[in-house]
**Q** 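Dropping the structure in here first, questions after.
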Amino acid sequence: MINLSLQSGSFPENWKLAKVPGLKKSKAEVIFDNLRPISNLSFVFKLTERAIFNQTHDHLTAHKLYPKAQSSYRQYHSTETAFLRVKNDILMNMNKHHVTLLVLLALSAVFDTVDNTIDPA
């Protein structure tokens, strides 16, 4: 069933259904404006997602196509290894007497600032 879906390039609509309201922030008041749809997808969708991930990941790993600094979705790579890489790069540049600029962005609530009432048409 999953292979047929992938070969045909179609994904049945009923595999995509399941919207459950949830709060945008955990301590927000329970009113309509503070709710956002959270998608709890079907078991078949999750199996399909895992099959696609496994095939893609195996291909990228076997052919060494992952970017050097890619941390997500890789075993033994995490935010800690990404941080250590940045720290090492800064220290190496300091040893070479190069100027280094580090810009950090906090994006935890960035999507709460999007005006969802704008019509894209």
Side-chain angles (χ1 to χ4, degrees):
M1 184 168 64
I2 292 170
N3 285 335
L4 181 62
S5 173
L6 296 176
Q7 289 170 356
S8 68
S10 65
F11 203 76
E13 288 297 319
N14 59 347
W15 289 7
K16 302 177 198 176
L17 299 177
K19 293 215 175 183
V20 179
L23 291 174
K24 290 180 181 176
K25 297 195 180 210
S26 60
K27 295 183 182 181
E29 183 182 352
V30 183
I31 60 173
F32 183 76
D33 289 339
N34 290 337
L35 295 175
R36 83 161 50 122
I38 298 174
S39 185
N40 293 325
L41 298 167
S42 70
F43 182 69
V44 178
F45 182 93
K46 291 293 188 182
L47 287 176
T48 306
E49 181 180 50
R50 177 50 66 176
I52 293 168
F53 169 78
N54 288 342
Q55 291 175 21
T56 306
H57 176 71
D58 291 347
H59 176 78
L60 292 173
T61 302
H63 298 284
K64 299 182 179 176
L65 296 173
Y66 272 120
K68 188 175 181 181
Q70 172 78 29
S71 290
S72 59
Y73 309 112
R74 294 176 71 188
Q75 191 174 17
Y76 308 118
H77 290 77
S78 65
T79 53
E80 183 178 0
T81 55
F83 168 75
L84 291 173
R85 170 68 193 261
V86 170
K87 179 183 173 187
N88 182 62
D89 289 349
I90 290 171
L91 292 174
M92 295 300 284
N93 281 332
M94 288 174 66
N95 285 340
K96 295 176 187 174
H97 301 287
H98 291 166
V99 175
T100 303
L101 176 66
L102 178 64
V103 177
L104 302 173
L105 300 172
L107 300 174
S108 62
V110 71
F111 293 105
D112 293 339
T113 63
V114 175
D115 185 357
N116 295 316
T117 61
I118 297 174
D119 184 15

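What's counted below: heavy atoms across the whole structure, side chains too, no hydrogens, waters or symmetry copies. Residue indices begin at 1 and follow the sequence shown.
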**Q** Determine whether a donor-acceptor pair (N or O, by modelled atom type, separation under 3.5 Å) exists between the side chain of T61 and the backbone of D58.
**A**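 No.
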**Q** Nearest 0.5 Å, what's the CG-CG distance between L84 and N88?
**A**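 L84 atom CG to N88 atom CG measures 8.5 Å (nearest 0.5 Å).
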**Q** Which pair of non-hydrogen atoms, one from K68 and one from R74, has the smallest distance, and what is that distance?
**A**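 Heavy-atom minimum between the residues: O-NH1, 4.2 Å.
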**Q** Hydrophobic cluster membership, with links at side-chain heavy-atom distances under 4.5 Å among I/L/V/M/F/W/Y: are L91 and L104 in one?
**A**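 Yes, L91 and L104 fall within the same hydrophobic cluster.
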**Q** Do I2 and I52 make a side-chain contact, defined as non-hydrogen atoms from C-beta onward lying under 4.5 Å apart?
**A**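 No, their side chains stay 4.5 Å or more apart.
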**Q** Please report the closest heavy-atom contact between S8 and S5, naming both atoms and the distance.
**A**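 S8 and S5 have their closest heavy atoms at OG-O, 3.3 Å.
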**Q** How many angstroms lie between CG in L6 and CE in M1, if you round to the nearest 0.5 Å?
**A**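 So the CG of L6 and the CE of M1 are separated by 11.0 Å.
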**Q** Assess whether side chain to side chain contact (heavy atoms under 4.5 Å, CB included) is satisfied between D89 and R85, documenting all intermediate values.
**A** CA-CA 6 Å; D89 289 349; R85 170 68 193 261; 3.2 Å; yes
**Q** Please state whether the rings of H57 and F53 are parallel, tilted or perpendicular, taking 30° and 60° as the class boundaries.
**A**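 Parallel.
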**Q** Compare every heavy atom of F11 with every heavy atom of T48, then report the nearest pair and how far apart it is.
**A**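 Smallest heavy-atom distance, with atoms named: CG2-CE1, 3.6 Å.
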